[in-house]
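Worksheet for the structure shown next.
Every chain is numbered from 1 and lettered A, B, ... according to where its sequence line falls, protein lines coming before strand lines.
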Amino acid sequence: MHFFRVIRWIAWKDLLSEYRNRENISSMFFFALNVILIFSFSFSLDSETIKEIMPGIIWVAFGFTAIIGLGKSFLIEVNNDCMEYFQTLPIPKGAIYLGKFLGNLLFMLTVEIVLFPLFVLFFNLDMIDQFLQLLLISTVATIGLSALGTLFSALTVQIRAREVMFPILLLPLSVPIFIGAVEATRGVLNADAFSLYSHWIELLVVFDVIFVIVSFWIFEFILDY
Amino acid sequence: MHFFRVIRWIAWKDLLSEYRNRENISSMFFFALNVILIFSFSFSLDSETIKEIMPGIIWVAFGFTAIIGLGKSFLIEVNNDCMEYFQTLPIPKGAIYLGKFLGNLLFMLTVEIVLFPLFVLFFNLDMIDQFLQLLLISTVATIGLSALGTLFSALTVQIRAREVMFPILLLPLSVPIFIGAVEATRGVLNADAFSLYSHWIELLVVFDVIFVIVSFWIFEFILDY
Amino acid sequence: MVATRFIGWLRKYEKWFGLTATVLISAGLYTGLVTSSPDYYQGEVVRIMYVHVPFAQTAMLAYSTLFLCSIWYLWKKEAVVDNACHAAAGLSLFFTAGGLITGSIWGKPTWNAWWVWDPRLTSFAIMFLTLVGYLMLRTFLDDKEKKATFSAILAIIGFVDLPIIHFSVEWWRSLHQPLSVSNRGVSIAPDMLVPFTLMSIGVGILFSYMLMVRTQMLYLEHLLEAKQGRLLNEGQL
Amino acid sequence: MNAILGTSLSKSFQHYQVLKEVSISVQAGECYALFGPNGAGKTTLLRIFATLHRPSSGSFEIMGMDGKRDRVKVRDVIYLIGHGSYLYDDLSVKENIQFAIGIRGWNPTEAEIKKALDQVGIGRFARLRSRYLSAGMKKRLSIAKALLIRPKVLFLDEGYASLDERGVGMMNECIRSFTQAGSAVLMTTHDRGPTADVAHRVGVLNRSVLTEISVKDMVTADALF
Amino acid sequence: MNAILGTSLSKSFQHYQVLKEVSISVQAGECYALFGPNGAGKTTLLRIFATLHRPSSGSFEIMGMDGKRDRVKVRDVIYLIGHGSYLYDDLSVKENIQFAIGIRGWNPTEAEIKKALDQVGIGRFARLRSRYLSAGMKKRLSIAKALLIRPKVLFLDEGYASLDERGVGMMNECIRSFTQAGSAVLMTTHDRGPTADVAHRVGVLNRSVLTEISVKDMVTADALF
Ligand code: HEM
Ligand SMILES: Nc1ncnc2c1ncn2[C@@H]1O[C@H](COP(=O)(O)OP(=O)(O)OP(=O)(O)O)[C@@H](O)[C@H]1O
Ligand SMILES: Nc1ncnc2c1ncn2[C@@H]1O[C@H](COP(=O)(O)OP(=O)(O)OP(=O)(O)O)[C@@H](O)[C@H]1O
Ligand SMILES: [Mg+2]
Ligand SMILES: [Mg+2]
């Protein structure tokens, strides 16, 4: 079907460009490392507080990485007016959204998977046992973040103050995702039973579904105002 | 003297553009607000830990605001190839740096001065008594951040992955500034005697001097590689 | 041509550096791992010092080289000097990583943690991240002069971190070992001082050797690129 | 048959009315050249027909389909070569073509792509990343895409800009091949010489008045506006 | 006197050698027009003379000053009108001029600015923000700046591009006023017609070979390269 072919072409193009610029993904990763560095200094991490604020640190670090990574996701489309080309194409615009979304999701998940071991190392965490739970949490949280981020990236990339506007739009709406992810992660780090924090994961899934569907439907209008 | 005239023209142009885009500065401010929002959700701020991590929160929020604000400071020069025009000008390039630096410093200080009352409000802090000390700390810290940020903005704004590269270059080198600012602020919030944390402020001043002088000297080469 | 003279000089003397490094390091490893006695407190674990400290010191030596070469480049704008900068940065990153890894391995038994947020460790991590940023900046720039100049600028401003690394143990209360050689004298047992000195000097000279080889390699790559360009232009490629 | 039909089209940007009640029609198989002073609104008119702007008032039809209601169907038959190159810097010339055509749902063979590239004279750059193309080469690539897509209606904004003389000749050949195949071409231009070789009709747009003149008058006239 | 003198200039970008041992000289009071196919390196050559690129090998002199050592002095006498417009979007046309001239250390009076703007035909847009200028209007603004700066050596990249016919005439008048005042003009162009009116000498750059032809030959030749 043409719909899926569009998704495939978009994702192919994004991943190929990303592959050609391999430095790009590693730079995201080093950005996150920098954030951790700054955090570890700004909060006194050797004290007892560390366990308390660890989930927050993890997710704020991921959040800022997402702001940098997702914010530029539509830049590649604007550089040579490719958005304009999309606008004049006789294809379902939602497919473009899904293609970009999938590419971004993959990109963010890759960065996160590399980062988790580093958290373990740097903060002497014991989370190897609960690796699967953490993976689940970060996947559902990242789906929501990427869905919103893709939409807002397309929205802000064409305006003047995009560096500021992107986080201003993204952050308030992603608060539920942050809360869900932080609370679920806190459960995991406390080694709670899964059922004690599973409702947070359910919350995340609900938001994922809402964000993906609404963004998919609304994206049409970004390309065809 | 021509040197000072160049500084004046650059600062005039930046401040006029900033004034014409008044939304810009208020958006910076809302960005910082968003960061605080995310923080207050990600860290459980109702607990005892708040006092412990408050200085960190303040400075990480300022730091990310600086990343967003300073990172785009040379964007205005790149948009219509104005960097190229500067390169072909028969003027001392260091003056351009100082002009941009002053503009940025003013911009950042404005944002911070608006933010401080908000911290007081949001986190029920008692820092009205020590307002002057805080002002001193944030001024010296902001001088260092702006000096580095202006330099790295000029450096990264011309390259491909500038959104990521700017923080990657800026953050490691600004760690000393963060440490100094956080520790001094902690002293202020603990209502310590000034002499107990004044060495942190001295450290910040030393870094300010180093960063401003080195950047000023080295800026020449960014415009004339 | 400055570049050809410089490269010729490197080619002429590199083998002496290689030879000296081999001799010193072999002697250092022998005395360090076989003849010296284990530490009173730390036991056999202390032997990692003979790798850790030379690596950490050489990382700083390499960064200082990068710093000086960067100033030299900004002054003279010689392409070969930029190659030396590039080489020094890569090697500095290599030795920094070595210092971090050996330090972590040493830290697990002594501090019971791979990593602590201690001033020396962190300032060393800052150097690591600065070097990563340096090499990354190079990959994002196409224009040769721009690449050389911009990265030199970064290297120069990043140099402020070096004094912090060295003196952090003095300035802050730190978990890390204090300076063993300072204005207060030498605080190492003579038994350990011999392998320690041999290894320190040996790895330092090894770095010089690697720098000489790598600079030549990068310079040749640069020549090859130019040659390729000429051929491309003449339609022969 | 009217391939393009605009009826009293108006367009205002913010406070500025660019077009006021402009009407124009172009037959299938015809090449219509649009002259006019800088800022007359030629580009704006083309972008309205290409469904990139919505007209403030007035209506238009492309191949008999209403341009406001049937935007998706209209997009099936049009192609715009404008100021944007619609390229991804890190994809090669060939990959860029594959993407641009593939996303429309049609997979050209290697041979077809090669033929189109050779026709516009950039066959030997097929594997070069498009980042390294010069302005003229990018223009040629856009023409190659048009040759593969074979739209019923082709819009050319500043058709000859940044092309060298051989490029201009090649462009004219392409235009001729389009009109001979029954497609309509609407182009804006400032160059009378090359236009004379291909245009069937000529219009001058000045202060929202579209005056039609003969091709011969265009060549001989002292000044067009 | 040689205003511009290039001796066996070569320039390579990464893997690609654009110029190979090109020599050229332009006398004061002379207009030299440079033709050549797309990608021949015309822009590159101009940018070397404008001290924007360093030549890979070879040397050049501007007004007798060494282009490699005396870059700052060279910059005192040159001006480049290239692809960039060197404008700040949020400053008005007049403010942009004031800044561009003021930063060179010279304050033109209101009357002088008005005269220059009128001369290029955009006097009535003096208070418009430059964001809203069309391509041709930006080009005219660049010429107005050159008229105020009155450089000894003027570089024009694609002098006539994006200018309408009246703009072309105005450009030629300006070029004539420069050469009559003893300045040298070096321009690249693809348009033979307007060039014939002002050029004193004509060169064709093709595959790093610069062939000089007479103005008459240029007009009558079938193809220049
Ligand atoms: C990841 C962890 C570590 C890092 C990043 C690190 C880093 C460094 C650096 C940069 C130096 C060179 C300082 C200079 O020359 O100024 C150094 C020296 C040294 N390190 Fe470590 N270190 C680590 C772990 C350890 C551990 C666990 C020990 C032993 C308990 C240790 C013992 C020493 C000693 C004895 C010196 C020589 C001190 C001197 O002479 O200055 N290090 N380390
Ligand atoms: N998006 C926009 N917002 C505001 N004004 C615009 C916009 N696009 C165009 N304009 C204005 O509309 C007018 C016409 O622009 P347009 O680009 O259509 O002119 P043109 O005829 O193509 O001129 P040129 O020959 O210089 O290309 C110009 O004055 C321009 O400033
Ligand atoms: N910064 C750069 N990096 C890499 N390649 C470049 C760079 N600048 C120019 N080139 C290449 O150099 C060649 C010559 O470019 P240049 O812009 O000088 O050509 P030109 O003669 O001005 O062509 P046109 O008539 O199209 O303007 C082109 O192939 C271009 O791709
Ligand atoms: Mg136009
Ligand atoms: Mg050119």
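- Of the listed residues (E:G84, E:G82, E:G102), the one with the most heavy-atom contacts under 4.5 Å to chain B is E:G102.
- Of all non-hydrogen atoms in B:R20 and E:D90, the two that sit nearest each other are NH1-O, 2.8 Å.
- Ring pair E:F99/B:W12 is parallel by interplanar angle, where below 30° counts as parallel and above 60° as perpendicular.
- If you take CD on B:E84 and NE2 on E:H83, they are separated by 9.5 Å, rounding to the nearest 0.5 Å.
- For B:E77, the side-chain hydrogen bond (donor to acceptor under 3.5 Å, both in side chains) partners are B:K13, B:K100, E:Y88, not counting sequence neighbours.
- Here the options are E:R71, E:R75, E:K73, the test is side-chain contact (heavy atoms from CB on, under 4.5 Å), and the partner is B:P90; only E:R75 passes.
- In this structure, the separation between CG on B:N80 and CG on E:D89 is 5.0 Å, given to the nearest 0.5 Å.
- Annotation: E:K115, atom NZ; neighbour count of heavy atoms from other residues, nucleotides and ligands within 6.0 Å does not exceed 12.
- Residues forming a side-chain hydrogen bond (donor to acceptor under 3.5 Å, both in side chains) with E:R201 (at least two apart in sequence, or on another chain): E:E30, E:E212.
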Are B:F86 and E:Y86 close enough, and set up right, to give a side-chain contact (heavy atoms from CB on, under 4.5 Å), and what steps lead you there?
-> CA-CA 9 Å; B:F86 287 160; E:Y86 310 152; over 6 Å; no

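- We find the CZ-NE2 distance between E:R104 and B:H2 to be 9.5 Å, quoted to the nearest 0.5 Å.
- Contact tally against chain B (heavy-atom pairs below 4.5 Å) for E:N96, E:T51, E:D76, E:V74: the top residue is E:D76.
- Note: B:L16 leads B:N79, B:I96, B:L16 in heavy-atom pairs under 4.5 Å with chain E.
- Along residues 146-178 of chain B, no residue comes nearer than 4.5 angstrom to chain E, judged on non-hydrogen atoms.
- Partners of E:E21 by side-chain hydrogen bond (donor to acceptor under 3.5 Å, both in side chains), not counting sequence neighbours: none found.
- Other residues, nucleotides and ligands contribute over 12 non-hydrogen atoms within 6.0 Å of the CZ atom of E:F13.
- When all heavy atoms of B:I91 and E:I103 are compared, the pair lying nearest together is CG2-O, 3.3 Å.
- Interface summary for chain B: among E:L91, E:V72, E:L52, the most heavy-atom pairs under 4.5 angstrom belong to E:L52.
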B:D81 and E:S85: side-chain contact (heavy atoms from CB on, under 4.5 Å), yes or no, with the steps?
-> CA-CA 7 Å; B:D81 292 329; E:S85 59; over 6 Å; no

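- Using a distance-only test at 3.5 Å, with no hydrogens or angles considered, a donor-acceptor pair links the side chain of E:R54 to the main chain of B:Y225.
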